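Before any comments, here is the structure.
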Amino acid sequence: MKLYNTATGKKEDFRPLNDMKVGMYVCGVTVYDVCHIGHARSAVVFDVIRRYLRFKGYGVKFVKNFTDIDDKIINRARQEEIPWYDVARKYTLRYYDDMRRLGVADADVEPRATEHIEEIIRMVKGLVEKGHAYVVDGDVYFSVESFPGYGKLSGRRLEDMQAGARVEVDARKKNPMDFALWKKSSKEGEPAWDSPWGPGRPGWHIECSAMTLRHLGETLDIHAGGADLIFPHHENELTQSEAYTGKQFVRYWLHNGFITVDKEKMSKSLGNFFTIEEILDKYSPEAVRLFLLQTHYRSPIEFSNENIEEAEHSLEHFYQSMKRLEDFFLSQGKEGADAGKKIPKGLEEAVSSFMGALTDAMDDDFNTALAIGHVFELVKEINRFLDQRPSGGEAVRLLEQARELIGQASGVLNLFGRTPEQWQEMLIGVKRITVDEREIERLIEERRKARAGRDWKRADAIRAELEQKGIILEDGKDSTGWRVKA
RNA sequence: GGCGGCGUACCCAAGUGGCUAAGGGAGAGGUCUGCAAAACCUCGAUGCAGCGGUUCGAAUCCGCUCGCCGCCUCCA
């Protein structure tokens, strides 16, 4: 298995520190606001990576944090006129809500910064003692010049960074790039914890260092997050952690690409963002997930409603095929199997090559787009096979294998895992279908009578009426089915 | 200014030296159907931003040019 390591800029063979045990940490969110689709991408992508590692047989300890103390949270609390911890609680709950809808599994450990103040203070103290940090008037700063490797993750040198620095320099810092480990509490009502340097709160990066140390030890196998965290967040995290422990902090750094709108990065400050909630208001969560996974995790994705709609159409076709497959199994149960007739080779080949193709794709830096392509190829073969009107035990076995394989892929991607009925129910909700099922059945029955009397005008009127309400009728061999228009 | 990335069909997108350049969406024609829908079949880039070069062979490596974007500030 190869994965792209930001630290080296290359695809590398994956070798965890301890054989089949993997320690993985993903930077979660700062809970000061609702999440947008960019947050969803990061969560979904690393959810799949974690699932795939499990699939490969690794024992994964997956840690995803909440940063629940930060200037942005304090500002928000002021705005909303509620205590800062209520801001954190509120948006943590919103986060869980969004993630569950997107099919993102909970992490094994979900630590919060405020639960690790003791560790943070211990680390800061240690860094001061080792001469990597200094105290100025109740604040504690990390001295970047004390750490020779500073800049090694993001690939920049101290001198280069200073030239283009856009930040106002704090005169109390020894070097403009020095960053805060501990911030003095200055205003009344601000959250504060006692420390050797007086009351204050943690700086931005130190909480992740403290949480990783407690939950995963000194060296992590994988540390992941959005590409915008490479600098300064991950660079600083790496620096302070390695300065503190003297050990390699992370073996593989993984970073996902951005979501763009009109080619520009989606971000809070530009105001060009779409929240997860508003997107899920219009589209099925599975379509959103497919939309996110159809592109390699490091490439940018252009957001648009049309692109999500396309994903939804893909899924519609997928579940149509699954319905067909389901109907086949039912018919076999009823009619019994006659001796298998000659069956074409396509499906057999697709079935036997599928697993290899899937793992090859995923082994190559988690190429979910290619893996999804393979699923669609398999579906195409299933359809072709069913077109031959197969019957008999051999056909059933082959199709059962195909279904089993899709189930395996579904376990990794957390896509394609519903039943056709569940997909329909989901669409009824998302598309706000107002006609109830009994009314649809009544109209189908009325139309059946009209058709029996060759009253095509009435029959077509009923079809049109239902289509307007988002329901598509499909005439089968001896009955009429319906589905929600995606 | 420093560092990095991207440009593949109408749209999205995989592919980073060698079998006919995956897959999806949209479209056209066909089979099926009372009409549809779905499904399947067929069609669709002799070419991968442009120009040179390396090579028996390049979308894939190298150089230049054009266009777009990101990080260097909070950010997934």
Side-chain angles (χ1 to χ4, degrees), chain A residues 6 9 11 26-30 32-33 35-46 70-72 151 154-157 159-168 177 204 224-233 235 255-260 263-270 273 290-291 294-296 298-302 304 306-318 320-321 323-324 357 361 364 367-377 379-380 382-388 451 454-457 459-460 463-464 467 472-477 480-483 485:
Chain A
T6 306
K11 277 186 201 173
V26 175
C27 275
V29 290
T30 300
Y32 74 103
D33 202 352
C35 291
H36 58 63
I37 183 79
H39 299 98
R41 183 181 194 186
S42 184
V44 166
V45 154
F46 297 120
D70 169 274
D71 289 359
K72 292 196 289 293
S154 53
R156 42 193 111 212
R157 296 174 307 163
E159 310 87 79
D160 297 338
M161 288 190 272
Q162 289 165 31
R166 282 182 276 163
V167 209
E168 266 185 62
M177 299 311 295
W204 176 32
D228 43 8
L229 296 180
I230 296 170
F231 192 90
H233 184 55
E235 188 71 61
H255 292 97
N256 67 273
F258 301 125
I259 302 234
T260 59
K263 298 271 183 190
E264 272 189 329
K265 180 186 168 185
M266 182 183 291
S267 72
K268 283 276 167 65
S269 42
L270 286 169
F273 60 90
L290 178 61
F291 163 73
Q294 253 176 338
T295 302
H296 185 89
R298 285 190 283 114
S299 304
I301 301 184
E302 171 73 10
S304 71
E306 293 71 39
N307 290 346
I308 296 186
E309 264 163 41
E310 282 189 7
E312 197 154 79
H313 285 149
S314 292
L315 281 172
E316 176 62 21
H317 292 154
F318 172 81
Q320 282 289 314
S321 300
K323 180 81 171 68
R324 237 186 132 191
D364 183 15
N367 194 337
T368 53
L370 184 57
I372 288 166
H374 292 315
V375 172
F376 284 120
E377 278 175 90
V379 170
K380 187 173 181 165
I382 290 171
N383 275 318
R384 270 188 206 176
F385 187 75
L386 289 173
D387 269 13
Q388 308 289 317
R451 290 177 78 208
R454 306 186 68 81
D455 181 358
W456 307 129
K457 229 174 124 184
D460 290 349
R463 184 201 292 287
E467 182 164 1
I472 302 278
L473 293 185
E474 291 182 341
D475 294 330
K477 212 165 46 191
T480 296
W482 62 275
R483 66 185 166 86
K485 195 163 131 192

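Please read all numbers here as calculations on a predicted model, not as lab measurements.
Comparing the P positions of B/U31 and B/G15 gives a spacing of 39 Å, expressed to the nearest Å. Comparing the same atom, P, in B/A76 and in B/A22 gives a spacing of 39 Å after rounding to whole Å. Annotation: B/A9 and B/C3 have their P atoms spaced 31 Å apart (nearest Å). Here, B/U8 and B/U16 have their C1' atoms 12 Å apart, quoted to the whole Å. Across the C1' atoms, B/A13 and B/A45 are found 14 Å apart, a figure rounded to whole Å. Comparing the C1' positions of B/G47 and B/G57 gives an interatomic distance of 16 Å, to the nearest angstrom. Here the separation of B/C19 from B/C40, taken at their P atoms, is 28 Å to the nearest Å. Nucleotides B/G1 and B/G18 place their P atoms 37 Å apart, quoted to the nearest Å.
Comparing B/G70, B/A14, B/C72 by their closest approach to the side chain of A/Phe231 singles out B/C72. Distances from the side chain of A/Asn367 to the nucleotides B/C35, B/G15, B/A76 place B/G15 closest. Comparing B/C69, B/U73, B/G25 by their closest approach to the side chain of A/His313 singles out B/G25. The A/His317 side chain lies nearest to B/A26 when the options are B/A26, B/C41, B/G70. Checked against B/A76, B/C40, B/C74, the side chain of A/Asn256 finds its nearest nucleotide in B/A76. Relative to the side chain of A/Lys72, the nucleotides B/A38, B/C74, B/A39 differ in distance, and B/C74 lies closest. Comparing B/A76, B/C69, B/G34 by their closest approach to the side chain of A/Asp460 singles out B/G34. Nearest to the side chain of A/Leu370, among B/A13, B/C35, B/A22, sits B/A22.
Distance A/Phe258 CZ to B/C74 P: 14 Å, rounded to the nearest Å. Going from atom CG of A/Asn307 over to atom P of B/C10 covers 17 Å, rounded to whole Å. Taking atom CZ of residue A/Arg298 and atom C1' of nucleotide B/U16, one finds them 12 Å apart after rounding to whole Å. One atom, CG of A/Asn383, and another, C1' of B/A38, lie 9 Å apart when rounded to the nearest Å. Atoms CD (A/Glu312) and C1' (B/C12) sit 16 Å apart, rounded to a whole Å. Across the protein-nucleic acid pair, A/Ile472 atom CD1 and B/C35 atom C1' stand 14 Å apart, rounded to whole Å. Taking atom NZ of residue A/Lys268 and atom C1' of nucleotide B/U73, one finds them 16 Å apart after rounding to whole Å. A straight line from CG of A/Asp228 to C1' of B/G70 spans 10 Å, rounded to a whole angstrom.
Residue contacts shown for A/Phe291 are absent, as no nucleic acid heavy atom lies under 4.0 Å away. Within the nucleic acid shown, A/Lys380 comes within 4.0 Å of sugar-phosphate atoms alone, with no base atom in reach, counting heavy atoms only. Looking at heavy-atom distances under 4.0 Å, A/Arg451 makes contact with a base. Within the nucleic acid shown, A/Ile301 has no heavy atom closer than 4.0 Å to any nucleic acid atom. Contact annotation for A/Asp70: no contact, since no heavy-atom pair falls under 4.0 Å across all strands. When heavy atoms are screened at a 4.0 angstrom cut-off, A/His296 is found touching the sugar-phosphate backbone but no base atom. Using a 4.0 Å heavy-atom distance criterion, A/Gln320 is classed as a sugar-phosphate-only contact. No engagement by A/Ile230 is indicated, since no non-hydrogen atom pair under 4.0 Å with the nucleic acid exists. Residue-level contact check: A/Ile259 touches the bases, meaning some heavy atom is under 4.0 Å from a base atom. Within 4.0 Å of A/Gly38, counting heavy atoms only, lies at least one base atom of the nucleic acid. Residue A/Gly257 is in base contact, counting any heavy-atom pair closer than 4.0 Å across all strands shown. When heavy atoms are screened at a 4.0 angstrom cut-off, A/His36 is found touching base atoms of the nucleic acid.
Annotation: the span from A/Asn256 atom CG to A/Ile301 atom CD1 amounts to 9.0 Å, rounded to 0.5 Å. Atoms OG and NZ, on A/Ser321 and A/Lys380 in that order, are 11.5 Å from each other to the nearest 0.5 Å. Considering CG of A/Asp364 and NE2 of A/His296, their distance stands at 8.0 Å, rounded to 0.5 Å. Atom CD1 of A/Ile259 is separated from atom OG of A/Ser267 by 12.5 Å, given to the nearest 0.5 angstrom. Distance check: A/Glu302 CD to A/Thr295 OG1 gives 11.0 Å after rounding to the nearest 0.5 Å.
A 3.5 Å limit on both hydrogen-bonding distances identifies B/C69 as the Watson-Crick or G-U partner of B/G4. When both distances must be under 3.5 Å, the Watson-Crick or G-U wobble mate of B/G23 is B/C12. Both distances falling under 3.5 Å, in either a Watson-Crick or a G-U wobble arrangement, occur for no nucleotide opposite B/U55. Remark: B/G34 base-pairs with no nucleotide in the shown strands. Criterion, Watson-Crick or G-U wobble with two distances under 3.5 Å. Of the nucleotides present, B/U42 is the one that pairs with B/A28 by Watson-Crick or G-U wobble criteria, both distances under 3.5 Å. Under the Watson-Crick or G-U wobble criterion, with both distances below 3.5 Å, B/C64 is paired with B/G50.
In this model, the phosphate group of B/A76 is not approached by any side-chain N or O of A/His255 to a distance below 4.0 Å at OP1 or OP2. OP1 or OP2 of B/C71 has at least one side-chain nitrogen or oxygen of A/Lys265 nearer than 4.0 Å.
A/His313 and A/Glu310 share no side-chain donor-acceptor pair at under 3.5 Å.
For A/Ala371 and A/Ser321, each mapped to the nucleotide of RNA chain B holding its nearest heavy atom, the one lying further toward the 5' end belongs to A/Ala371. Between A/Glu377 and A/Arg324, the residue anchored nearer the 5' end of RNA chain B, judged by the nucleotide with its closest heavy atom, is A/Glu377.
A donor-acceptor contact under 3.5 angstrom links the side-chain atoms of A/Arg463 to the base of B/C35. With hydrogens and angles ignored, a donor-acceptor pair closer than 3.5 Å exists between the side chain of A/Glu310 and the base of B/G24.
No donor-acceptor distance shorter than 3.5 angstrom exists from the side chain of A/His374 to the backbone of A/Ala371, with no hydrogens or angles considered.
Between A/Asp33 and A/Lys72, every side-chain heavy-atom pair lies at or beyond the 4.5 Å cut-off. The closest side-chain heavy-atom distance from A/Arg324 to A/Asp387 is below 4.5 Å. Contact of the A/Glu474 side chain with the A/Gln320 side chain is registered, since non-hydrogen atoms from C-beta on lie closer than 4.5 Å.
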